[in-house]
Each structure stands twice: as C-alpha cells, then as structure tokens.
Amino acid sequence: MPELPEVEVVKKSLENKIKNLIIKKVIITNNKLRYRINRKEFHKLQGNKIKSISRRSKYLFINLNTGLSLLIHLGMNGKFFIIDKKKQKYKTSFYYNIINHNLKHDHINFYLTKKVKLIYNDVRKFGFIKIIKTSEINTNKHIKLLGPEPLSNIFNKNYFNKAIINKKKSIKDLLIDQKFVSGIGNIYCNEILYLSRINPSRGIKNITKKETNKILFYTKKILKKSIEKGGSTIKDFNSADGKTGGFQQLFNVYAREGKGCKTKNCSEIIKKTYISNRSSFFCLKCQK
DNA sequence: TTCTTTGTTCCGGA
DNA sequence: GTCCGGAACAAAGA
C-alpha cells in the first residue's frame, strides 16, 4: 500500500533519525523477503556510514559512504521502526489502516551508533532490500524504466498529451502504469479519478484535454497533501494506541464501497468493480 | 480451505 | 517491435 507519499514520508523520517550514523551490526532473522537476502553481503555493511536517504518513485535508497546503497521497496506492508537510545520507538510511516508493531515480522535489524536500532518489518514479505552501487542507481533494472515523478515539472500537459496518443488502455490502467508516471498505485489512482470526475474504466482515447489537465492538477494536489498529512501524523505516533491519525478521512472513494458519495448534494452509493484485476471504487453519478 | 490484498513481471495474442 | 490484458507470484490474516 505504500505509494509515493508514504515512501516520501518514510524517507524524511529516516533522514531525521539515522543520517550520519554508522552501521555497527546487522542481524537478519528472516532472509526470505521478495528476493532472498544474502547474509554475508549484509554483514559486510558493518562500518559503513549512512550518508543520505533518497527516493525515486516508490523506491528508497539508503546511501552509504563506501559507494554502496541499499535499494528498498516496501511492497505491500514493509515498514521501518526506529528505536532510539531512550528505548523510544518510532514508526516511520503509517498506512490507511494502522498496523501495530508485531515483532514476529521484524526481519532485518540494523544496530547503529548512538544506540539507535533500525528495524525492517514486513508482514507479507512482498518488499525487498538489495545492495547496489550508488553509481548504478539510475541504470538499475528496477529504476531505469520508470516514468517521470508525478510531482516533477516533467509530468505536465505536454508530456501527458503526447504519451497518450494511440494508447488503448483504460485511464485507470494508464495512471498506475509506472512507465507512464511513477509512484501512483491503486489507492491514489482511485482518489485522483474521483476528484477529476472521470470514470476509471473510460478508454484513454475518449479523455479530453480538459480532463487530462484535471488529472494532472489533482494528482499533484493529493500527493502533496498526503505527504503533508503523513508528516504531521508521525509526530504523535508515540501514543500507545496508534489508531488515530487522519489519513483514512482523506479518502473519498477508496475502500468505501456501499457508503455514500462525499460530493455535496450527491446521494449515490460508492460502487466497486475490478479493472485489470484491481479493485476500483467510484461514484457512478459524479464520475462520467 | 479459500479468498483477499499489492506492485511487478511474464506471457500469449493482436 | 510494441502494446495490451490476464494471470502468476510473493505471504498471511480473516
């Protein structure tokens, strides 16, 4: 579920907590993630200093002073926890449904200087971590084919209108196609199309220029807004019950099947269908 | 036991 | 060559 905003929030959080620390020890309790972890390779990270954290699409990079980087994808449920010297625990992000920290799913533990511990936790193990050369980030097979960042200036009217010429798929399939634009997943795609008042199953060839402008506008707006909300919720994570957090209220359609449309004066019920095997939520009345 | 969830990848057909 | 849709895959909770 982590899409671009969540990954960006994780990035900022890691920056605050682990930048400039040195990896003292790596303990791997389960090496079977999406791709198998090579224990020896990870143990060699001992002594490396964390220079910076960066992000591209839904990928995170922890860049080390030795020319190596950890390439991380959080998959569906991947998350980082940080425990500091005062034994305080921080979660680096939150998702629309809060999942509490279950130690059972801690797979990789990085012991850092200043008594900080970084934990990679992943219930489904769909995420992965690879060690690559920092200089080869852009040519890495996961990265090189990614389309533009949705918040960048490259993702603009000109790009959009050129990219959709002769395309036949649905508008929804286009928005979650990482080669077209990278970082949008099923959840934000549903939200963007609701705000743009476009039915997700519409074919691209029927989308007007006015509508592509709307999609561009709301894509940038909602991604930015979510990044802001993420930052503000992390601050008060420490409270024992993690069930608060206003993220869920942000959703207008996602996972709201059978509930009322949030548009003013609209009494429609949100519908759920499947497009390319992915759940799609929309209002029949508001989204044409 | 079966169904659901996701991003990514792969494959066959057009 | 390229595009597109469908299915497979990873794991675990309900």
Side-chain angles (χ1 to χ4, degrees), chain A residues 1-8 10 28-38 55-61 71-79 93-108 120-130 132 140-150 162-193 200-207 219 223 226 243 247-248 251 253-258 270-281:
Chain A
M1 326 253 188
E3 301 181 25
L4 188 149
E6 290 75 30
V7 179
E8 178 65 18
V10 171
I28 296 159
T29 46
N30 189 337
N31 70 342
K32 284 192 223 162
L33 299 183
R34 180 78 162 83
Y35 304 113
R36 188 180 291 266
I37 296 284
N38 182 323
R55 178 191 66 74
R56 170 81 170 97
S57 182
K58 301 168 197 169
Y59 293 87
L60 269 178
F61 306 96
L71 183 161
I72 301 153
H73 191 290
L74 300 172
M76 271 180 74
N77 305 88
K79 56 183 73 74
S93 183
F94 67 97
Y95 306 127
Y96 74 98
N97 56 344
I98 297 292
I99 304 163
N100 291 321
H101 184 186
N102 185 341
L103 274 64
K104 184 180 158 191
H105 304 297
D106 285 355
H107 305 309
I108 307 181
Y120 180 72
N121 175 293
D122 192 338
V123 176
R124 298 273 189 274
K125 301 193 189 78
F126 286 7
F128 63 86
I129 304 185
K130 285 181 175 180
I132 63 168
N140 179 273
K141 69 165 186 173
H142 299 287
I143 307 301
K144 65 180 179 187
L145 295 177
L146 292 173
E149 287 282 316
K162 267 188 187 163
I164 62 177
I165 295 171
N166 293 330
K167 285 268 195 338
K168 283 169 194 156
K169 55 168 90 172
S170 68
I171 186 64
K172 189 188 173 201
D173 281 340
L174 178 76
L175 287 181
I176 57 174
D177 180 351
Q178 304 300 302
K179 292 195 288 293
F180 169 67
V181 61
S182 63
I184 299 171
N186 196 35
I187 295 172
Y188 287 100
C189 181
N190 275 290
E191 294 299 313
I192 290 162
L193 290 173
S201 58
R202 287 259 302 279
I204 295 172
K205 62 176 191 292
N206 300 319
I207 302 289
T219 297
L223 294 181
S226 296
K243 282 181 184 163
F247 201 56
Q248 198 168 331
F251 291 132
V253 285
Y254 187 81
R256 293 193 68 250
E257 182 193 15
I270 299 299
K271 295 274 190 303
K272 178 181 182 181
T273 57
Y274 285 89
I275 296 174
S276 301
N277 286 323
R278 292 289 179 258
S279 54
S280 297
F281 302 87

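The shown structure was predicted, so the numbers you read here are calculated from the model rather than taken from an experiment. Just so it is clear: chains get the letters A, B, ... in the order the sequence lines come, proteins before strands, and each one is counted from 1.
What separates CZ of A:Arg124 from P of B:dC3 is a distance of 17 Å, to the nearest Å. The interatomic distance linking A:Phe126 (CZ) with B:dT8 (P) rounds to 13 Å, in whole Å. Atom pair A:Gln178:CD and B:dC10:C1' shows a separation of 17 Å (rounding to whole Å applied). Taking atom CG on A:Asn277 and atom P on C:dC4, their separation rounds to 17 Å, with Å as the unit. Atom CG in A:Leu33 sits roughly 11 Å away from atom C1' in C:dA11 (whole-Å rounding). Computed from coordinates, the A:His107 NE2 to C:dA11 P distance equals 10 Å when rounded to whole Å. Counting to the nearest Å, the P atom of C:dA12 and the CE atom of A:Met76 are 12 Å from each other. We find that CD of A:Glu3 is positioned 10 Å from P of B:dT8, with the value rounded to whole Å.
A salt bridge links A:Arg56 with A:Glu149: the closest approach of a Lys/Arg side-chain nitrogen to an acidic carboxylate oxygen falls below 4.0 angstrom.
Note on A:His73: a side-chain N or O is less than 4.0 Å away from OP1 or OP2 of B:dT8. OP1 or OP2 of B:dT8 sits under 4.0 Å from a side-chain N or O of A:Tyr59. At C:dA7, none of the side-chain N or O atoms of A:Ser276 fall inside 4.0 Å of OP1 or OP2 (strictly under the cut-off). When the side-chain nitrogen and oxygen atoms of A:Lys179 are compared with OP1 and OP2 of C:dC4, none of them lie within a distance under 4.0 Å. At least one side-chain nitrogen or oxygen of A:Tyr254 sits closer than 4.0 Å to the OP1 or OP2 atom of B:dT6. When the side-chain nitrogen and oxygen atoms of A:Asn186 are compared with OP1 and OP2 of B:dT6, one or more of them lie within a distance under 4.0 Å. Residue A:Lys104 has a polar side-chain atom (N or O) positioned under 4.0 Å from OP1 or OP2 of C:dG13. For A:Lys32 and C:dA11, the shortest distance from a side-chain N or O to OP1 or OP2 is not below 4.0 Å. Phosphate contact (OP1/OP2 of B:dG7, side-chain N/O of A:Tyr35, threshold under 4.0 Å): absent.
For A:Leu145, there are no side chain to side chain contact (heavy atoms under 4.5 Å, CB included) partners at least two apart in sequence or on another chain.
Closest to the side chain of A:Tyr274, from the set B:dT5, C:dA8, B:dT9, is B:dT5. Distance from the side chain of A:Lys272 is smallest to B:dT5 among B:dT8, C:dA11, B:dT5. Minimum atom distance to the side chain of A:Lys169 is reached by C:dC4, of the listed C:dA12, C:dC4, B:dT5.
When each of A:Lys167 and A:Arg278 is assigned the nucleotide of DNA chain C bearing its nearest heavy atom, the one mapping closer to the 5' terminus is A:Lys167.
Nucleic acid contact class of A:Gly185 (heavy atoms, under 4.0 Å, all strands): sugar-phosphate only. Within the 4.0 angstrom heavy-atom criterion, only backbone atoms of the sugar-phosphate kind lie near A:Asp173; the bases stay farther away.
With A:Asn190 as reference, A:Asn186 is the one residue of A:Asn186, A:Ile187, A:Leu193 to meet the side-chain contact (heavy atoms from CB on, under 4.5 Å) rule.
Under the 30°/60° scheme for interplanar angles, the aromatic rings of A:Phe128 and A:His73 are found to lie parallel.
Looking only at atom types and distance, the side chain of A:Lys125 has no donor-acceptor partner in the side chain of A:Asn77 under 3.5 Å away.
Taking 4.5 Å as the limit, every side-chain heavy atom of A:Val7 sits out of range of all side-chain heavy atoms of A:Tyr59.
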